[in-house]
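We name chains A, B, ... by the order of the sequence lines, and we start the count at 1 in each one.
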Amino acid sequence: MKLSVLIGVFVILLACIVALFAPWIAPYTYDQQDMSVILQPPDKDHLLGTDSLGRDLLSRMIYGTRVSLSIGLFTSLVAMAIGTVYGGVAGYKGGWADHLMMRLVDVLFAIPDLLLIILITVVIGREFWGIFLALSLVSWVSVARLVRGEVLRLKEMPYIEAARGIGAGSWRILLRHLLPGLRGLLIVTFTFRIPAAILSESTLSFVGLGLAPPFSSWGVLANDGWTAMRFFPHLMVFPGIAIFVIVLACNLVGDGLRDLWEPKSPV
Amino acid sequence: MLLFILKRLLWAIPVLWLVATITFIVMHIVPGGPFDAEKQLPPEIRANIEEKYHLDRPFHTQYLLYMESLIRGDLGPSYKYLGRSVNDILADTFPVSIQLGVIAFILSLILGMGTGLLSAVSKGRGDWIDKTSMLMAIGGVSIPHFVLAALLILILSQTFHIFPPALWEGWEYTILPAVSLAAAPAAYMARVMHSSLINVLNEDYIRTCYAKGLPLRTILFKHALKNAAVPLVSFSGPLFAGLITGSFIIEYIFSIPGMGKYFVTAVINRDYPLIMGVTLLYGLLIVLANLAVDLLYFFIDPRIRKR
């Protein structure tokens, strides 16, 4: 195992523990206001300082870990599921069905993600579920493309032909023979989707179009900090670093997994 | 060749039509309308406004009216920037976005290919160059561009006053936004370039080059680079389109009067024609960028030319 992968795994595990045990780890609650200590730079009472309502930034970031991580994890899962089924069916069926399905993907590609996300959140709201659904519904497209390409390649392989030769049905070939062949690609894509989803959520929240209060993902915190960055840089810098570190950790692990399963593929 | 280009350009028409239709439908099934925010509006005035913009008509009539004017090349009036047409707004803001996008694109191309080349060549010779540059590359992929932008502003403009923190008034204003925008794609390209060049350098024909006694420079730039660049080409097409139009956040952070900034406010304001205009332009750029990629393949890879 490479050192970088170990570091990545360690950081991710740490983040998961922080997220799970947030109420026990955080020194304050995420919404506890203390007007006597507003906009303090980091000191020993408030390790990362306080915001304009006197809330402890460290505690808000610890609770933010929950939001950022679960958005990353769940949107990636849904995107993977939709993308795998869609791409798998298109690639396996081939012919006009494939053509039609992929043209739809082309069209979705040509519509800016931001527009779709915002419009979806207008319909279902900017609560956790709204952002989660919106991000999942736009990010399956690239998964579908990858899966289709791989299925196209795999289904010409002799072992699939052999399975068909002994009379296996479509479903059996899809589930028992093609899906295991896709395992490497799926795991690697999944690990890279998580940081991408965390990035999308934080970017969205940073422009003020993401999660509505009282949720405090790291992107929301960075957005809060941005307006006052000139005088209180800590409010922007710490959440920014948190996003960077977790995304970096996921990417390191993803790199390691890719070397393991698909040593030949480029980045 | 000409036939190929013509066919692809014709194919763009149905794609754009679908993009327009889907966007139009999605925008209109979303509850609420562009003039809902102004609650003070008396009903008569509101009715007048809606009549002026045909918002009182049934959905399919609105659609047909829009498509009709679209064919004439008229993107309609903006609902929020009164007295300005969407064509005007795009004509004003698009050049700014193009400028920023092109600078960022060139920057990421030079940085990415340069770093990838350097690290791949130094693999085995000066391993630390290879390692540090790849570490920087994975860091560059991981840092969100708004965090990078904020850090750059904090350090280079607020602490050391080297570059202006916002606006768009001369070349010194372009540096920080272009760097923040280019960092991630540059890092990605460096990674792709690195692994693809290493693969190419292990091929037999490169060994032949070495055996012939060619200098490293000739081997790299004349023989290896062309093949190693193939995966980069397919990435750079959508990247170019994305950099030109997708700089929403960077334009927002640096208050750059480009298309992205208008797009965000347009979506929030439900300025239907402006949203449609930006989306269509974006779609058109994607289609053109993909066409450019396919044409580039023609020149780089003779095997594709034969098909």
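Proximity of Trp218(A) to Val147(B): side-chain heavy atoms (C-beta onward) are nowhere separated by under 4.5 Å. With a 4.5 Å cut-off on side-chain heavy atoms, Val220(A) and Ser217(A) count as touching. Using a 4.5 Å heavy-atom threshold, the side chains of Arg191(B) and Asp255(A) count as touching. Proximity of Val78(A) to Phe132(A): side-chain heavy atoms (C-beta onward) are separated by under 4.5 Å at one or more points. Within the 4.5 Å cutoff, no side-chain heavy atoms of Phe206(A) are placed close to those of Pro144(B). Glu201(A) has its side chain out of reach of Thr75(A): every pair of non-hydrogen atoms, C-beta onward, lies at least 4.5 Å apart.
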Open item on the list: Applying side chain to side chain contact (heavy atoms under 4.5 Å, CB included) to His145(B) and Thr203(A), what does each step give before you reach the verdict?
Closed with: CA-CA 9 Å; His145(B) 52 3; Thr203(A) 310; 4.0 Å; yes
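Residues of residues 61-74 of chain A never come within less than 4.5 angstrom of chain B, heavy atom to heavy atom.
When Leu252(A), Val247(A), Leu108(A), Ile246(A) are compared by the number of non-hydrogen pairs under 4.5 Å with chain B, Val247(A) comes out ahead. Between chain A and the residues Leu148(B), Ile286(B), Thr279(B), the largest count of heavy-atom pairs under 4.5 Å involves Thr279(B). Most heavy-atom pairs under 4.5 Å with chain A, from the set Ile253(B), Val15(B), Leu284(B), Leu280(B): that is Ile253(B).
When heavy atoms are compared at a cutoff of 4.5 Å, Ile138(B) approaches chain A by way of both its backbone and its side chain. For a residue to count as touching a neighbouring chain, one of its non-hydrogen atoms must lie under 4.5 Å from one of that chain's; by this rule Ile22(B) touches chain A with the side chain only. Contacts of Asn251(A) with chain B are made by both backbone and side-chain atoms, with heavy-atom separations under 4.5 Å. Only the side chain of Val237(A) comes within contact range of chain B, with at least one heavy atom under 4.5 Å from a heavy atom of that chain. Residue Tyr252(B) touches chain A through its side chain alone, counting heavy-atom pairs closer than 4.5 Å.
When the side-chain contact (heavy atoms from CB on, under 4.5 Å) test is applied to Leu137(A), the partners found at least two apart in sequence or on another chain are Ile82(A), Ile120(A).
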